[in-house]
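Indexing begins at 1, ligand by ligand and atom by atom, following the structure's order.
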Amino acid sequence: MRILLANDDGYLAPGLQALHAGLSRIAEVTVVAPEQNASAASNALTLNRPLSVFTAANGFRFVNGTPSDCVHIALTGLLDFRPDLVVSGVNNGANLGDDTIYSGTVAAATEGFLFGLPSLAVSLVNKGWEHLDCAVDVAVAVARDLLRAPAPALLYNLNVPNVPRAELRGVQVVRLGKRHPSQPVIVQRDPRGEPIYWIGGAGNALDDQPGTDFHAIAQGYAALTPLQLDLTHHQMLDACRTRFADLGAAGSAQS
Ligand code: MN
C-alpha cells in the first residue's frame, strides 16, 4: 500500500515528520509538501508561474507552491504510481467547522479526493505540537482502516485534541460545527506611515452542539467528519427557481 503525504505547514514541520514516521509503519509513504508554511492557502493552485520540485536530505519532496499544488503535481506527473490514500498533516492547530473552508491542510486532502482517492486531513487542535504523538496514533489508526476498505473514496477531516494518548476518550464521527465571524482586522502603520492590515484571529465556536466536531473535541474525543464538496444549497433550489422565474423567459430581462 502506498500513501501520498502532504501538509500546509511546510516540509520541515514536526507534524509532517511525525506523521511520516507513523504512517511508515503501515504503508510506503511518499512526501510532497510545500517549501514554506502555506496555512490558510485554501484550494489555491499556482497558475501564474512554473513550479519546482526539490528533494530534501531525508527524501521528502518539496514544492515552491501551495498544498494543492503539491498533491496536484504528485498525482498528475511527478509520481509514477497512483497512491492508495492521500493524507495531509498533522497540522499545527485546529481545522474545525468553517476552518475547513480556509485550511490548506484540508485542501491538500481535497485535491486527492478530487482525483478519486480516499483522503484524510489531520489536525492537532492546539498549536505547539505538545501531544503530537496522540494525533499521529489516531491518524494511523484511521489510515489503516481506510487502506483496508478504501471504497467509497471519501474525504475525511480528523481533529485530535491536545491530550496525552492515555487520556483520549476515543473517536467520534461528527458533523462540522460553526464559528463566530473572525475577530476584527488589526490596523497598524508601516515604517512609512501607510496603513497595514492584519486579518484577525478565528472566531470562537458558535455552533458547538452535541454531534459537532467542536463538541467532540471539548469532550476529549477526536472528531472525524466525512466532507462533501457540493456547495449547492439544495433546499433553496425550488424557492430560487420561483423567485427568479421571470429571468428564465427569453427577452424578459428588464434593464
Ligand atoms: Mn497549517
In Asp8, what N, O or S atom is nearest to the Mn ion (ligand 1), if we give its atom name?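 Nearest to the Mn ion (ligand 1) within Asp8's N, O and S set: OD1.
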With respect to the Mn ion (ligand 1), what is the nearest N, O or S atom of Asp9?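 Result for Asp9 and the Mn ion (ligand 1): OD1.
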So do the side chains of Leu117 and Leu75 get within less than 4.5 Å of each other, counting heavy atoms only?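 A side-chain contact under 4.5 Å exists here.
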Is the closest basic N to carboxylate O distance between Arg243 and Asp238 below 4.0 Å? no
Quick check, are the ring centers of Phe54 and Phe62 under 6.0 angstrom apart?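 Ring-ring flag for Phe54/Phe62: true, centres closer than 6.0 Å.
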Below 2.8 Å, any N, O or S contact between Asn91 and the Mn ion (ligand 1)?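 It does; at least one qualifying atom falls short of 2.8 Å.
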Let me check your reading of the structure: within less than 2.8 Å of the Mn ion (ligand 1), is there an N/O/S atom from Asn37? no
Evaluate ring-ring contact (aromatic ring centres under 6.0 Å, His included) for Tyr221 paired with His215, printing each intermediate quantity in order. CA-CA 9 Å; Tyr221 293 89; His215 190 268; 8.8 Å; no
